[in-house]
Undergrad: 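This structure is in C-alpha cells; I'll ask about it shortly.
Values in this document were obtained by computation on a predicted structure and should not be read as measured data. Throughout, a chain's letter reflects where its sequence line sits, starting with A, and its residues are numbered from 1.
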There are 2 protein chains.
Amino acid sequence: MRVLKYAILGLLDQRELTGYDMKKHFEDSLGQFWSAKHSQIYPELKRLTEEGFIEFDIHIQGKKLEKKVYQITDAGKRELHEWLRKKGPIPDTTKDEFMLKTFFISSMDQKEAAGLFSHQLQERTKKVEMLEQKLNILTEEDPSAQSLHSTQFGHYLVLTRAIEREKGYVRWLQKTLEVIDSSIV
Amino acid sequence: MRVLKYAILGLLDQRELTGYDMKKHFEDSLGQFWSAKHSQIYPELKRLTEEGFIEFDIHIQGKKLEKKVYQITDAGKRELHEWLRKKGPIPDTTKDEFMLKTFFISSMDQKEAAGLFSHQLQERTKKVEMLEQKLNILTEEDPSAQSLHSTQFGHYLVLTRAIEREKGYVRWLQKTLEVIDSSIV
DNA sequence: GGCTCCATGTAACAGGTTACATGATTGG
DNA sequence: CCAATCATGTAACCTGTTACATGGAGCC
C-alpha cells in the first residue's frame, strides 16, 4: 500500500526537504517506526513528482552542486489526509527474529538460552538509554513538545512510545531470564 | 538472511509437518512474531529439500490425496542450531504504520487525531483479550507450559510477550488520548 | 591534499503479497 | 450434495536491500 509514499508526503507537509534530508529523518527518531534507504527514496520521489503529489526547485549549494528541494502540492496534501484519516486494522504479525528464536527455546539447552537472553537484555537496555537521551535533548530544546499544539508533538510521541516499548521488552527479558536461570538441571 | 528457512527448520525440529500444517502454525501464536503465506512456504520447502536440510515422505489421506510430510535432517539441525546460537544486533526499525501517522499528528486536527487514537485503542484492547484467552487455554491444557523444560515453554513465552507488548501499547494510547482530549481549542 | 559529509542516481537481487489454478476430504 | 477445510503449487507484482557509480562542499 505504498507506505513510503505517505511517509514522504507527511515529512513534506511539515517543511520542504531534499531526498537526502528525508534519509536523515529516517535515521532519527522516526526511524524507530519507519525507514527507507536512499535507493528507495529517490525513485519514489521521481514517481510522486510524475503523479503530481510533489514538486521540486533546484537549489545551488556552493559553486555548482544542484540539489532538488521538494514541496508538497495541494493534490499531495489531499492524498496525505485521506491516508491519515483512514482507520486500518492492526497487523496480525509484527516480525521479530528474536521472538522466533524464543519460540524454539526447547531446541536450545539452558546455557545457550541464557546467553541469548542476556545478550538481548544488554542490547535493549542500551537502546532505552539512547532513546531517553534523545528525549532529554528534545524536551530541553523545546519544553512545549509535550503539548498537542507543538510542531514537535509527533516527535515527542514517537520517542515516548519507543522508550516504553523497549522498557516493556526489557522487563519481560529480565523476568524470563530469572525463570531460565532458576531452572538448574 | 532467509529467516523463513529457520522458522521452518525450527518447526520441524519439534515434529514432522506438512506445508499446510506450517501455515496453520503461522496463523496461531507464532504468527504474532513471524508468518508466511503458503505461496512462500511451498517454494521454500522445495529449496530446503534440494539443499538437504529437510526430507519428506508421502502420506495418503483418504483414498488418494497425497500429502508431503517433512522431517528435518541432521544437516538441517546443525543449520538451525547455528542460527539459534548467533547473537545478532537488534533492528533499528520496527515498522508500524500507526506510529508513522502519529509522527504526523501536527498535520491532523484535534478531532481527527482523537478518532484515530480511540479506534486504535479499541483494536489493541480487543487483541489483548484474544491473546489472554489463548494463554488461558494453553495453561489450562498444560499447566507445566510455564517451566523451561516443557515443550510448550516457547509457546508460553511468545504469548506472554505478545500480551505485554499489547498492554504497553494500550497504556500509551490511553495516556496520549488523555493529552489529546484535554487540549480543547 | 585528503577526509568526511552532502547529494543523487541505477541495477541486481531477495523477500513477500495477491491472484491464479486445481483437486480431495470430511461432516452435516 | 454442498460447504468448509485440507492440500499443493505457479505467476505476476510490489517492496525493500545491497552493491555499483559518480561528483561537489566544507574543513583542517
Side-chain angles (χ1 to χ4, degrees), chain A residues 1-8 11 16-28 30-31 33-51 54 56-70 83 88-89 91-97 100, chain B residues 1-8 11 16-28 30-31 33-51 54 56-70 83 88-89 91-97 100:
Chain A
M1 52 187 79
R2 288 183 68 193
V3 180
L4 178 59
K5 165 182 164 180
Y6 300 106
I8 290 172
L11 286 171
E16 56 173 37
L17 295 167
T18 65
Y20 190 85
D21 294 331
M22 294 172 198
K23 204 194 78 189
K24 289 283 153 192
H25 279 282
F26 287 134
E27 284 163 6
D28 205 56
L30 174 55
F33 300 103
W34 207 269
S35 70
K37 314 281 181 190
H38 78 277
S39 56
Q40 201 186 357
I41 294 169
Y42 290 116
E44 188 64 36
L45 288 172
K46 195 181 171 186
R47 187 171 170 188
L48 287 169
T49 305
E50 283 160 9
E51 292 170 326
I54 61 176
F56 63 87
D57 291 321
I58 307 253
H59 287 209
I60 303 294
Q61 188 90 345
K63 284 283 180 188
K64 48 181 166 175
L65 193 156
E66 293 188 355
K67 60 178 184 180
K68 292 179 178 174
V69 180
Y70 288 89
W83 171 75
D92 293 322
T93 304
T94 301
K95 291 197 173 181
D96 181 333
E97 195 176 341
L100 182 63
Chain B
M1 54 188 77
R2 291 182 67 193
V3 179
L4 178 58
K5 165 182 165 180
Y6 299 107
I8 289 172
L11 286 171
E16 57 173 37
L17 297 167
T18 65
Y20 191 84
D21 295 331
M22 293 172 199
K23 203 194 80 188
K24 289 283 154 194
H25 279 282
F26 287 134
E27 284 163 5
D28 205 57
L30 174 55
F33 300 104
W34 206 269
S35 70
K37 315 280 180 188
H38 78 275
S39 56
Q40 201 186 356
I41 293 169
Y42 291 115
E44 188 65 34
L45 288 171
K46 195 180 171 188
R47 188 173 171 187
L48 287 169
T49 306
E50 283 161 8
E51 292 170 328
I54 62 176
F56 64 87
D57 290 323
I58 306 250
H59 286 209
I60 303 294
Q61 188 89 347
K63 285 281 178 192
K64 51 179 164 176
L65 194 155
E66 294 189 356
K67 59 180 185 179
K68 293 180 180 172
V69 181
Y70 288 89
W83 170 74
D92 293 322
T93 304
T94 301
K95 292 196 172 182
D96 181 333
E97 194 176 341
L100 182 62

Undergrad: Determine, step by step, whether Phe56(B) and Leu45(B) satisfy the side-chain contact (heavy atoms from CB on, under 4.5 Å) criterion, reporting the C-alpha distance in whole Å, the side-chain angles of both residues, the deciding distance to 0.1 Å, and the verdict.
TA: CA-CA 10 Å; Phe56(B) 64 87; Leu45(B) 288 171; over 6 Å; no
Undergrad: In whole Å, what is the span from the CD atom of Glu44(A) to the C1' atom of dT10(C)?
TA: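 The distance from CD of Glu44(A) to C1' of dT10(C) comes to 16 Å, rounded to the nearest Å.
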Undergrad: Check whether any side-chain nitrogen or oxygen of Gln61(A) sits under 4.0 Å from OP1 or OP2 of dG24(D), and answer yes or no.
TA: no
Undergrad: Rounding to an integer number of Å, can you tell me how far Glu66(B) CD sits from dT22(C) P?
TA: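 So the CD-P distance, Glu66(B) to dT22(C), works out to 19 Å.
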Undergrad: Rounded to whole angstrom units, what separation is found between the CD1 atom of Ile58(A) and the C1' atom of dG24(D)?
TA: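 Those two atoms, CD1 and C1', are 15 Å apart.
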Undergrad: So what does Lys67(B) touch, heavy atoms closer than 4.0 Å: a base, only the sugar-phosphate, or nothing?
TA: sugar-phosphate
Undergrad: With DNA chain D as reference, determine whether Val3(A) or Gly62(A) sits nearer its 5' end, using the nearest nucleotide of each.
TA: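 The answer here is Val3(A).
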Undergrad: From the options dT10(D), dT8(D), dA7(C), select the nucleotide whose nearest atom is closest to the side chain of Pro43(B).
TA: dT10(D)
Undergrad: Answer with base, sugar-phosphate or nothing: what part of the nucleic acid does Lys95(A) contact at a heavy-atom distance below 4.0 Å?
TA: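 If one applies the 4.0 Å heavy-atom cut-off, Lys95(A) turns out to touch the sugar-phosphate alone, with no base involved.
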Undergrad: Need one value for Lys37(B): base, sugar-phosphate or nothing, where a base atom within 4.0 Å counts as base even if backbone is also close, heavy atoms only.
TA: base
Undergrad: Measure the shortest side-chain to side-chain distance between Ile58(B) and Lys68(B) over non-hydrogen atoms and say whether it is less than 4.5 angstrom.
TA: yes
Undergrad: Can Glu50(B) and Arg47(B) be counted as an ion pair, charged N to O under 4.0 angstrom?
TA: no
Undergrad: Specify the separation, in whole Å, of atom NE2 of His59(A) and atom C1' of dA25(D).
TA: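 Rounded to whole Å, this separation is 17 Å.
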Undergrad: Do side-chain atoms of Thr93(A) reach the backbone of Gly31(B) as a donor and acceptor pair under 3.5 angstrom?
TA: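 Yes; at least one donor-acceptor contact below 3.5 Å.
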Undergrad: What is the distance, rounded to the nearest whole Å, between atom CD of Glu97(A) and atom P of dG15(C)?
TA: 12 Å
Undergrad: Are Leu48(A) and Arg2(A) packed together at the side-chain level, in the sense that at least one heavy-atom pair is separated by less than 4.5 angstrom?
TA: yes
Undergrad: Without decimals, in angstroms, what is the distance between Ile60(A) CD1 and dG23(D) C1'?
TA: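 Taking atom C1' of dG23(D) as the reference, CD1 of Ile60(A) is at 14 Å.
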Undergrad: Any idea which of dA7(D), dT15(D), dC6(C) is nearest the Arg2(A) side chain?
TA: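 Closest nucleotide among those given: dT15(D).
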Undergrad: Using whole Å, report how far CD of Gln40(A) lies from P of dA7(C).
TA: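 After rounding, the reported distance stands at 21 Å.
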Undergrad: Between Met1(A) and Ser39(A), just flag the one whose closest nucleotide in DNA chain D comes earlier from the 5' side.
TA: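 Taking each residue's closest nucleotide, the earlier one in sequence belongs to Met1(A).
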Undergrad: Nearest to the Leu65(A) side chain among dA7(C), dT8(D), dG23(C), which nucleotide is it?
TA: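 The answer is dA7(C), which lies nearest to the side chain.
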Undergrad: Let's see if you can work this out: which of dA7(D), dA25(D), dA19(C) has an atom nearest to the side-chain heavy atoms of His38(B)?
TA: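 Nearest to the side chain of His38(B) among the choices is dA19(C).
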Undergrad: Please check if atom CG in Asp28(A) has more than 12 non-hydrogen atoms from other residues, nucleotides or ligands closer than 6.0 Å.
TA: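 Yes, the 6.0 Å shell around CG holds more than 12 heavy atoms from other groups.
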Undergrad: Starting at NZ of Lys64(A) and ending at C1' of dA25(D), how long is that distance when rounded to a whole Å?
TA: 12 Å
Undergrad: When all nucleic acid strands are considered with a 4.0 Å heavy-atom cut-off, which category describes Lys24(B): base, sugar-phosphate, or nothing?
TA: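 Sugar-phosphate, no base atom in range.
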Undergrad: Touch check for Lys63(A), heavy atoms < 4.0 angstrom, all strands: base, sugar-phosphate only, or nothing?
TA: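 Sugar-phosphate contact only - Lys63(A) comes under 4.0 Å of backbone atoms but never of a base.
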Undergrad: So does Lys68(A) get a side-chain nitrogen or oxygen closer than 4.0 Å to the phosphate oxygens (OP1/OP2) of dG9(C)?
TA: yes
Undergrad: Looking at dG9(D), dA7(C), dT15(D), which one has an atom nearest to any side-chain atom of Arg47(A)?
TA: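 For Arg47(A), the side-chain atoms sit closest to dT15(D).
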